[in-house]
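Okay, so here's the structure we're looking at.
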Amino acid sequence: MKNLEIAKILFEIADLLELQGVRFKPRAYQMAARTVENLSEDIEEIYKRGELTELPGIGESIAQKIEELIKTGKLKYYNDLKKKLPMDVEQLGKIPGMGPKRIKLLYEKLKVKTLSDLKKAAQQHKIRELRGLGEKIEADVLKGIKSAKKGGRFLLGYIMPLAEEIKTELGKLKEVSAVEIAGSYRRRKEMVGDIDILAVSSQPSRVMEHFVHMKVVADVLAKGSTRSSVRLHNGLQIDLRVVASKEFGSALQYFTGNKEHNVELRKIALAHGYTLNEYGLFTLNKKWVAGRTEEEIYKKLGVVCVSPEMRENTGELALKKVPSLIGYGDAQGDFQTHTTWSDGNDSIEAMATKAQSLGWKFITITDHVGQVRITNPLNEKRLEKQAAEIKKLNKRLDIRIFHGAEVDILKNGTLALSKEWQKKLDVVLASVHLATKMGEKEMTQRICTAMENRVHILGHPTGRQLEKREAYAMNLDKVFECARRNDVHLDIDCHPERMDLGGEQVKAAKGCTFVLSTDAHGVDGLHFLSLGEAIARRGWLSAKDVLNTYSVKEIEKVLGGK
DNA sequence: GCCGTTTTCGGCCCGACTGTTTTCAGTCG
């Protein structure tokens, strides 16, 4: 059984226990589920070594349950729970306002098991008859079912301009002295559910008044003196919190999260004789100790204050010193772009000129070579012509243009390009575009075979497309190992819909080297390079791990060394 | 059910907002 399947069952057990009002166990199961979900290794291997109980949050009892799942594919404990509580907690729980207590109540009184049961109950006005519920909640349920179908997560790259615009608008108010976006946006997660904004003001009600009346607002979900929530026309939810300047650091820390990081930090606070909340760090008799900045809070607690991108409770709180991460703006150029020669919208010159205006030192042209018709792939004759054009431009323009190609990895792992041309190109970027539905073993072997060639970069390694397509089946650990052995750089594809590799995977690929690439198919795509820097930071990379941060001379040396 | 700079037993993060209520439970982040 796969890690994610096991994690899902553990999460469901947590939900079902919560429904029964069981205390503390749900959190234990959630913790265990999250551990399993984030493993970079196959859990069956860990089980075979007898090391399950060494994993954080997994003790004797949960280890036994995992063993039963691995051995039989089933779990009696889980099936019994489901029999007792046969409702679709996952779906019902997504409706705003529907928590464990109400889901249970609705099941017991109205036999509501599914979303459609819930809809029916609301339409027949049965919900308002229950004690503790009323007309408003009934109406909210119907509204919630409608918007739940719209899907609730947004791609970071696409909402960034809107988020920054709102931040700027709030920052301009004379009542606001500081404003920052917190939450998963600040941690630069690939997908965000909502945007949390924090503002400092001594006149919170005036700020709230302005906030809920912004042009982009479609719906006001809640409005208070310190917290308000709105939904924009595109469905994105924005939460605004107004705090005093003394609280800004603690509030920023608190609302940046992630949740597990915060829970851990609060435990550390308790162990030191403090309590921590969004208003500051306090002694046990409520005396304020710190809170103006995040740094002073972490310092008081004796923990390093890492960048928001690293705050996932995956070991960062145990670090002895802050690692030096690649910085925004450190990347000097791009390793993957497409032009009108294949399926891009702009010429090589237009792309290079735009890159130059962004202050870059180099750009790599990697038009498609291979068998996928829709990409309008180049053959070797056209590659020859393209080489001549790039040579001319390199003389004329003040930016280094590398001649590369994105070459299809064929079904058997060979490249769709002759050995001769593999040698001629500055950059060979190999990617899987066809026969994507292979089994794990075959796909792993195929990719590893490809990397034995003169390949500089493995392009968008997992093939995932956010919200659209799952990653190819493959053993990532083996792929990483093979990349290290063959000096192949792993691509961090910065396209907002790819973000591939993702942060967790980059972190798991210890000891590998990386490149950032925009995969831009036009000049407008080039500015997404900073998303790649964000992923690299989420993967704990320093500048020296990422080839884009090297000088053109050093890059030439690395590429030529193959 | 897990865990240990307070512990092998007894804890387990915490505050704002809403709706339904006359003082609070539930949800949310």
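A, B, ... follow the sequence lines: proteins, then strands. Residue 1 opens every chain.
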Provide, to the nearest angstrom, the distance between the [atom1] atom belonging to [X] and the [atom2] atom belonging to [N].
X: A/Ile95; N: B/dC28; atom1: CD1; atom2: P; result: 10 Å
X: A/Glu278; N: B/dC17; atom1: CD; atom2: P; result: 10 Å
X: A/Asp140; N: B/dG26; atom1: CG; atom2: P; result: 17 Å
X: A/His272; N: B/dT5; atom1: NE2; atom2: C1'; result: 8 Å
X: A/Glu18; N: B/dC28; atom1: CD; atom2: C1'; result: 12 Å
X: A/Arg227; N: B/dT27; atom1: CZ; atom2: P; result: 15 Å
X: A/Lys223; N: B/dG19; atom1: NZ; atom2: P; result: 14 Å
X: A/Asp239; N: B/dC17; atom1: CG; atom2: C1'; result: 11 Å

Give a yes/no on whether any side-chain N or O of [X] is located under 4.0 angstrom from OP1 or OP2 of [N].
X: A/Ser228; N: B/dC17; answer: no
X: A/Tyr29; N: B/dC12; answer: no
X: A/Lys267; N: B/dG4; answer: no

[X] side-chain proximity, nearest of [options]:
X: A/Pro96; options: B/dC17, B/dC28, B/dT27; value: B/dC28
X: A/Ile62; options: B/dG15, B/dC12, B/dC2; value: B/dC2
X: A/Ala222; options: B/dT18, B/dC13, B/dC2; value: B/dT18
X: A/Arg27; options: B/dA16, B/dT18, B/dC12; value: B/dC12
X: A/Ile137; options: B/dT20, B/dC2, B/dC17; value: B/dT20
X: A/Asn277; options: B/dA16, B/dC13, B/dG15; value: B/dG15
X: A/Arg266; options: B/dC2, B/dC14, B/dT20; value: B/dC14

[atom1] atom, [N] versus [M]: distance in rounded Å?
N: B/dT21; M: B/dG26; atom1: C1'; answer: 13 Å
N: B/dG19; M: B/dT23; atom1: C1'; answer: 13 Å
N: B/dC12; M: B/dT7; atom1: P; answer: 15 Å
N: B/dG1; M: B/dT8; atom1: C1'; answer: 15 Å
N: B/dT6; M: B/dG11; atom1: C1'; answer: 10 Å
N: B/dC13; M: B/dG4; atom1: P; answer: 14 Å
N: B/dT20; M: B/dA16; atom1: P; answer: 22 Å

Are [X] and [Y] linked by a side-chain donor-acceptor pair shorter than 3.5 Å?
X: A/Glu440; Y: A/Tyr472; answer: no
X: A/Glu169; Y: A/His210; answer: yes
X: A/Tyr185; Y: A/Glu164; answer: yes
X: A/Gln237; Y: A/Asp239; answer: yes

Have a look at [X] and say if it touches a base, only the backbone sugar-phosphate, or nothing, with a 4.0 Å heavy-atom cut-off.
X: A/Ser225; value: sugar-phosphate
X: A/Leu265; value: nothing
X: A/Lys25; value: base
X: A/Met98; value: sugar-phosphate
X: A/Pro26; value: nothing
X: A/Lys65; value: sugar-phosphate
X: A/Leu17; value: nothing
X: A/Arg102; value: sugar-phosphate

Kindly indicate whether the side chain of A/Lys111, heavy atoms from C-beta on, has any atom under 4.5 Å from the side chain of A/Asp117. no

For a salt bridge (charged side-chain N to carboxylate O under 4.0 Å, His left out) with A/Arg49, tell me which candidate from A/Glu41, A/Glu54, A/Glu44 qualifies. A/Glu41

Counting distance only, does the side-chain N/O of A/Ser225 pair as donor-acceptor with the main-chain N or O of A/Ser205 below 3.5 Å? no

Hey, what's the ring geometry for A/His495 with A/Tyr158, parallel, tilted or perpendicular (30° and 60° as the breaks)? perpendicular

Does any residue of residues 245-262 of chain A have a heavy atom under 4.0 Å from DNA chain B, and if so, which ones, in number order? A/Tyr254, A/Lys259

Which residue in the set A/Met310, A/Glu312, A/Met499 passes side chain to side chain contact (heavy atoms under 4.5 Å, CB included) when paired with A/Arg538? A/Glu312

Which pair of heavy atoms, one from A/Tyr29 and one from A/Tyr77, lies closest together, and at what distance? OH-CE2, 3.5 Å

When A/Gln237 and A/Thr275 are each assigned the nearest nucleotide of DNA chain B, the 5'-most assignment goes to A/Thr275

Name the residue closer to the 5' end of DNA chain B, choosing between A/Ala271 and A/Asp196 according to the nucleotide with the nearest heavy atom. A/Ala271

B/dG29 pairs with which nucleotide, Watson-Crick or G-U wobble, both distances below 3.5 Å? B/dC14

